[in-house]
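Take a look at the structure below.
Since this is a predicted model, take the numbers as computed values, not measurements. First listed ligand is number 1; within each ligand, the first listed atom is number 1. Numbers here simply count residues along the sequence, with the first being 1.
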Amino acid sequence: QLSSTFYSNTCPNVSSIVSNVIQQALQSDTRITASLTRLHFHDCFVNGCDASLLLDQSGNITQSEKNATPNNNSARGFGVVDSIKTAVENSCPGVVSCADILALAAEASVSLAGGPSWNVLLGRRDSLIANQSGANSSIPSPTESLANITAKFSAVGLNTTDLVALSGAHTFGRAQCRFFNQRLFNFSGTGSPDPTLNSTFLSTLQQKCPQNGNGTTLNNLDPSSIDTFDNNYYANLLTNQGLLQTDQELFSTNGSATISIVNNFANNQTEFFQAFAQSMINMGNINPLTGNQGEIRSDCKKVNGS
Ligand code: HEM
Ligand SMILES: [Ca+2]
């Protein structure tokens with residue numbers, strides 16, 4: 001029941017307002033488009049796309065999603081979300097939800113980085129609660145098996161094509177060493193690195209992420225075109241240069257239905273862009289609050305009146 005025309009009377013310029021603030025932020029932060037895209041994912045997988053992720057831990061919010069393991073010292077871009085909200089409130093006070101701002105920011109970000117555009121469906125409302133334990137259990141971890149990741153996508157109504165297409169968001173942005181360094185020296189107790197890592201790529205990563213390092217060094221998820229949204233992510237998987245274990249598993253799990261989809265997206269950027277846009281719409285449809293459920297927050301970090 002979301003609609004692309006939801007704000008056409010009440011805030012007709014909302015898309016360009018969002019895009020303009022992101023363009024400003026890009027001047028000093030080339031990573032921001034990736035970070036904003038990830039926020040929509042981490043919101044939608046926990047209680048649906050309801051901006052539950054954005055609530056700070058304070059007052060009645062005793063266990064924020066921001067402080068959950070997948071987000072703590074990892075999810076970023078919250079300040080830019082606040083700047084977008086301020087700009088939107090200046091033009092259209094009290095009408096645009098923070099959940100819709102995350103959906104619009106993801107589309108604008110992908111588009112500004114050279115990826116596809118799509119009509120964002122709108123009309124989500126904002127939650128009154130956060131679900132930290134849900135964030136810990138529902139957001140995929142980068143060391144899980146493909147079967148587990150597939151199950152987590154399936155739990156929110158997303159299929160294998162959605163999984164492969166949405167993983168293509170790792171065409172931009174960064175990952176800290178601590179999220180993949182289990183692959184580099186002693187993979188699964190074998191005493192050897194992950195055999196599905198290209199040996200040249202492995203040496204580079206071993207140098208960037210030494211065994212006694214602190215694990216927070218940043219690495220490009222797609223070294224071949226770091227801030228550009230393209231299909232190089234899939235080409236990297238074909239040459240065993242997926243950064244996260246869960247990236248490489250899409251191509252290196254024997255017999256998996258994901259392999260032919262990776263091949264298709266590696267060979268055809270147009271098909272990847274179309275599939276990515278459709279899967280972002282699918283993800284954006286996960287369990288939204290609508291009608292008179294929830295509220296339109298005036299500050300994305302807090303429930304109204306708190
Ligand atoms: C399939 C399961 C997925 C896993 C296991 C996963 C895991 C991760 C991890 C561990 C990082 C690095 C975080 C850090 O170093 O702080 C990351 C970054 C990122 N993820 Fe995913 N992710 C998945 C799917 C997705 C999806 C579906 C999207 C969006 C549609 C997405 C978008 C991103 C982006 C854009 C970044 C870079 C963020 C930045 O630079 O700030 N990921 N992901
Ligand atoms: Ca949520």
Side-chain angles (χ1 to χ4, degrees), residues 29-55 64-66 68-78 80 97-99 102-103 105-107 109-110 113 115 124-132 134-135 138-146 148-153 156 158 160 162-182 209 215-222 226-227 229 233 242-250 258 276-277 279-284 286-289 294:
D29 180 2
T30 59
R31 181 186 177 193
I32 192 63
T33 45
S35 303
L36 292 170
T37 303
R38 187 175 186 229
L39 292 185
H40 184 43
F41 163 50
H42 282 206
D43 178 29
C44 292
F45 267 57
V46 184
N47 290 13
C49 311
D50 62 353
S52 57
L53 169 64
L54 301 179
L55 292 171
S64 73
E65 293 177 25
K66 285 179 182 175
T69 306
N71 295 323
N72 190 28
N73 296 317
S74 177
R76 66 189 291 280
F78 297 107
V80 175
S97 67
C98 298
L102 288 179
E107 191 279 336
S109 291
V110 168
R124 301 169 191 81
R125 291 169 64 86
D126 298 325
S127 76
L128 306 176
I129 56 167
N131 183 357
Q132 185 176 97
S138 302
I139 296 172
S141 132
T143 61
E144 282 184 281
S145 67
L146 181 57
N148 267 0
I149 299 276
T150 304
K152 287 185 174 180
F153 273 66
V156 292
L158 298 177
T160 300
D162 295 316
L163 166 62
V164 178
L166 292 173
S167 294
H170 292 168
T171 181
F172 61 175
R174 318 282 182 264
Q176 301 171 59
C177 293
R178 63 190 173 95
F179 290 112
F180 60 85
N181 60 10
Q182 87 288 354
C209 307
T216 60
T217 301
L218 294 175
N219 302 263
N220 297 313
L221 277 158
D222 175 5
I226 58 175
D227 295 319
F229 196 102
Y233 167 82
L243 186 63
L244 305 180
Q245 178 185 325
T246 45
D247 292 326
Q248 193 59 48
E249 281 172 349
L250 298 174
T258 52
F276 185 82
S279 291
M280 286 295 281
I281 292 168
N282 297 344
M283 186 174 82
I286 300 171
N287 207 24
L289 301 173

Side chain or backbone of [X] under 4.0 Å from ligand 1, or both, or neither, by non-hydrogen atoms?
| X | answer |
| --- | --- |
| H170 | side chain |
| S141 | backbone |
| Q176 | both |

Exercise for the section: Answer yes or no for F180: is there a heavy-atom contact with ligand 1 below 4.0 Å? Expected result: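 Contact check F180 vs ligand 1: negative.
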Practice task
Could you tell me whether ligand 1 has any atom less than 4.0 Å away from a heavy atom of L218?
Solution key: no
Handout entry: Identity and distance of the protein heavy atom lying nearest atom 16 (O) of ligand 1
Key =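 Ranked first by proximity to atom 16 (O) of ligand 1 is S74 OG, 2.6 Å.
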Practice task
Name the closest protein heavy atom to atom 40 (O) of ligand 1, giving the residue it belongs to and the distance to 0.1 Å.
Solution key: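 Result: R31 NE, 2.7 Å.
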Give the numbers and elements of all ligand 1 atoms closer than 4.0 Å to a heavy atom of [X].
| X | value |
| --- | --- |
| S167 | 1 (C) |
| L163 | 1 (C) |
| A175 | 12 (C), 15 (O) |

Any donor-acceptor N or O pair under 3.5 Å, side chains [X], [Y]:
| X | Y | answer |
| --- | --- | --- |
| D222 | H170 | no |
| R38 | S74 | yes |
| E65 | S52 | yes |

Completion exercise
Under 3.0 Å from the Ca ion (ligand 2), the protein N, O or S atoms found are D43 O, D43 OD1, V46 O, G48 O, D50 OD1, S52 OG
Handout entry: Ring-ring centroid check F276 F229, cutoff 6.0 Å
Key = yes
Problem - Heteroatom distance test (N73, ligand 1): nitrogen or oxygen, under 3.5 angstrom - result: no
Problem - ligand 1 N/O within reach of T246 N/O, cut-off under 3.5 Å - result: no
Practice task
Verify ring-ring contact (aromatic ring centres under 6.0 Å, His included) between F45 and F153, making sure each step is shown before the conclusion.
Solution key: CA-CA 8 Å; F45 267 57; F153 273 66; 4.9 Å; yes
Practice task
State plainly whether the residues D43 and R124 are in salt-bridge range, i.e. N to O under 4.0 Å.
Solution key: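 No, no charged N to carboxylate O under 4.0 Å.
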